[in-house]
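The block underneath contains the structure these notes are about, expressed in structure tokens.
Here is the naming used below: chain letters follow the sequence lines, and residue numbers restart at 1 for every chain.
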Amino acid sequence: MRRYNPKEIEPKWQKTWQENQIYQATESDGKPKHYVLEYFPYPSGSAMHVGHVRNYTIGDVVSRTKRMQGFSVLHPMGWDAFGLPAENYAIKTNISPQEAVAKNVANFKKQLIQMGFSYDWSRELNSTDPEYYKWTQWFFLLLFKKGLAYQKESLQWWCPHDKTVLANEQVENGRCWRCGHLVEKKALKQWFFRITDYADRLAKDLDKVDWSEGIKAMQRNWIGRSEGAQISFQVENSSEQLKVFTTRPDTIYGATFLVLAPEHKLVNKLSNSGRRSEIEKYTAEAERKNDIDRMETEREKTGVFTGSYGVNPANGQKIPIWVADYVLPGYGTGAIMAVPAHDERDWQFAKKFDLPIIHAYSQEGKKEDQSYWGEGVIKNSDKYDGITTQEARKQITLDLTSKKMAENVTNYKIRDWLISRQRYWGAPIPIIHCPKHGAVPVPEDQLPVILPEMDSYEPSGDGRSPLARVPEFVNTKCPVCGEPAQRETDTMDGFACSSWYFLRFADPHNSVEPFSKEKAKFWLPVDDYIGGAEHAVMHLLYARFWTKVMYDEGLISFDEPFSTLRNHGMILAPDGNKMSKSKNNTIEPDEIINQGYGADSIRLMELFIGPWNQSANWSVEGLAGMYRFLQRVWVIVFEFTEAGESKTERNIELELGINRSVHKAIKKVNSDIKDLGFNTALSALMECVNQLYKMKSPENFTQAHDSWKTALENVLILLAPFAPHITEELWKELGHNNSIHLSAWPSWDEHLVAENLINLAIQINGKVKAAILVAANATEEEVVRLARNEKSVSKHLEGKTIKKTVYIPGRIVSLVVT
RNA sequence: GGGCAAGUGGCGGAACUGGUAUACGCGCACGACUCAAAAUCGUGUUCCUCCGGGAGUGAGGGUUCGAUUCCCUCCUUGCCCACCA
């Protein structure tokens, strides 16, 4: 018998699969389609570790299973290679980003191939390829023409380390999501995508997709839709009205002051001359203040009185107008009505500055000594007293609306997507600035706007892109008038590239359009999108937005790109920490393969370690168990083929045992794999192999040759999606010349799986006292009689009376005695 | 503070729709093979026990003939969001 040596068989089969192109996706074979996609990776300098590999393993098992179950499977791979990590890596290693990407892609690809993943490499794509970013630019122009891309001067998050602006989503706790430096605010003219126009649909359509509640909640939270009213307060002795946004118009009778954000337009106008210097000092301070400080919820409230008053439109009360930085300028109207009795922040502010509070009362009529924001019955509100808060919300808004002092308004926390970056390594924004015609789109036939090669592409930090230093790039002619004009020098956020790549995979080599409508219609939407939760708000939100824009444009016939989203759990280092180069605790598949375990054992470990959607610590010892299991499969198959065919007397009992064991496994693997229960599917296979292992012997192989052969074939097929190399090798050993990965998935015979003798537990007063074997078709009467006569049961029944008997067929007999 | 997960042997975890808790794997112990070791194979492995049993799924209650599973209260951990009115 040959030894099981993964180092020898794995590269061999990887080469054969590639040569025979067995994983190529085709639209024309009449099978139903299934599109499995893993987030396309960012090929960075450091190699992939076993944590990354889990994502691709899950996708590969799904793809392989679906393929064997008769689907035409699209399982592609590409490279999301624009962006800061690639550029920073290139700067650090002193090579060009182009070279850096080529090098890293080659390394990643080698790693993926040696894991035996079944990608259709003929569809490989790279977001930095002009043939790809040509269409990213095309989509930019589509958004521009639809009025969804615009330029605006505003204060933006700026990372002083990476020397570029960042989108809101890319600022984490006041720090840059890439390098971790504290971000600042900088006034710059920037490009935005009007994602806020789609906020409502992006929130609502989450109901249509099969995603985990967690991710949906994160998106809903990020979009932050809230319904309320915009209410106008007349400013006393002025023609100005102060508009505030509130979700609780029902509490308007409890409003005791108004608050403006320091940045609010009316601050200056409403400042009393006597108080002006104090107010200016406060707003200047607020502006200077670090944004993290300002967002700190534990901080003491600060603020200053303007000296002006507003009139409550509901009751005509005059209330003071304050300025405070706990009110945010970018949300709602940048001004609020403060109701200390029903809002914790207003309560704190009122306490701090000794402002009046109209207290809430508990149900027992007790005066509350804190703010109360729950629902209830209205009090102290004139004619609204006695109705519920929900009812009052509607009624008060309605009454104020008729007086033209309010309107229903829906607000969102989400802001427009800041798309421009002042960095070199991105797709150039295809716009030409003409002194006469303003921002003019680059004509479609001039796309792509090629990113020029530069010797020195480091950011300067002056807020301008390095491309501004290339006159041949910048200086051009206006497409409208032909007069001298200048190209836009900012590049696009890398997330633009990844907002449509899943569509390009349907038609990756199309040179006349981003994708053909027919091919996109055939393959999309993605049936299984697999990846980690780190993309919950950024990529997934942006890709949904682009998809809806394309839908509105009639390019595609669906408006949600990912029907099912599968969020896998993270693999942590054995020490329980996240794997990272800096912690020096990464484990790479390469080392394990070199040790001789092989990719198949790694794949098994990735899945057997726990439920696919829960995180787990990598286990070095566990890997040996996977290898042992595979080796047992190896041994049975070889001992079987070496035993030969000599047909002696058939052993019916043995045949039945073999078949039963395998059919049970087929059934279990089928039901588990539907919900990605890979760990339990593998345990069922191990159980089956252990049983077969105990049955095997040279005589038994020849006595039940055909049953053994079918059984082993079925075991190999079930195992093939998990361990593609060893199963392919053993498939050949069993005499097959085609690939196991193109064979049909097995079904099971329910008669073989069903037991005719059932082990039934007997409970007395809820405690298990015994177990009896009964025929599966026994009547209740028989079963109860057998149960009562069982020795360990009858002794508990002596001198007692049975009050109740419960019999659940196939499960339990429960006797209640006194 | 809000949302979403999760808590079961020495460890990773399993348990269908409320029906014999601890499948499968790791580790460990003992045995076989070996001059020996590794590898491999076999047996055992929740805890306590006076060997009759008893306790047991984060804690405490409840519903039920029966609860890891359903309900209530609480504790702990992870992730995401957080002055969004």
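- In this structure, A:M626 reaches the sugar-phosphate backbone alone: every heavy-atom distance under 4.0 Å involves primed, P, OP1 or OP2 atoms, never a base.
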Exercise. Using a cut-off of 4.0 Å between protein heavy atoms and nucleotide atoms, how would you tag nucleotides 15-20 of chain B 5' to 3' with B, S and -?
Worked result: -B--BB

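- Residue A:S226 has a polar side-chain atom (N or O) positioned under 4.0 Å from OP1 or OP2 of B:A85.
- Aromatic ring orientation, A:F678 versus A:F722: perpendicular (interplanar angle above 60°, classes split at 30° and 60°).
- Here the separation of B:U17 from B:G66, taken at their P atoms, is 22 Å to the nearest Å.
- Between A:Y326 and the phosphate of B:A85, there is no side-chain N or O to OP1/OP2 separation shorter than 4.0 Å.
- Stem analysis of RNA chain B (Watson-Crick or G-U pairs, both distances under 3.5 Å, runs of at least three) returns B:1-7 with B:75-81, B:10-12 with B:24-26, B:27-32 with B:40-45, B:46-48 with B:53-55, B:58-62 with B:70-74.
- Contact annotation: A:N690 reaches the phosphate of B:G25 (side-chain N/O to OP1 or OP2, under 4.0 Å).
- Taking 4.0 angstrom as the limit, A:R628 places a side-chain polar atom (N or O) nearer than this to OP1 or OP2 of B:C26.
- For the OP1/OP2 pair of B:G25 and a distance below 4.0 Å, the side-chain nitrogens and oxygens of A:R632 include no atom meeting the criterion.
- Judged as a side-chain contact (heavy atoms from CB on, under 4.5 Å), and not counting sequence neighbours, the contacts of A:R415 are A:N168, A:Y331.
- Put simply, A:N221 has no side-chain N or O that comes within less than 4.0 Å of OP1 or OP2 on B:G2.
- Within the 4.0 angstrom heavy-atom criterion, no nucleotide atom of any strand lies near A:N411.
- Spacing of P atoms, B:A85 relative to B:C74, comes out at 26 Å, to the nearest Å.
- Within 6.0 Å of CZ in A:R632 there are more than 12 heavy atoms belonging to other residues, nucleotides or ligands.
- Across all strands, A:I336 comes closer than 4.0 Å to base atoms (heavy-atom distances).
- More than 90° away from 0 lies the glycosidic angle of B:G31, which makes this nucleotide anti.
- Side-chain N/O atoms of A:K216 and base N/O atoms of B:C4 include no donor-acceptor pair closer than 3.5 Å.
- B:C65 and B:C75 have their C1' atoms separated by 32 Å, given to the nearest Å.
- When the side-chain nitrogen and oxygen atoms of A:K769 are compared with OP1 and OP2 of B:G54, one or more of them lie within a distance under 4.0 Å.
- In this pair, A:F349 and A:Y326 present their aromatic rings tilted. The plane angle is within the 30 to 60° band.
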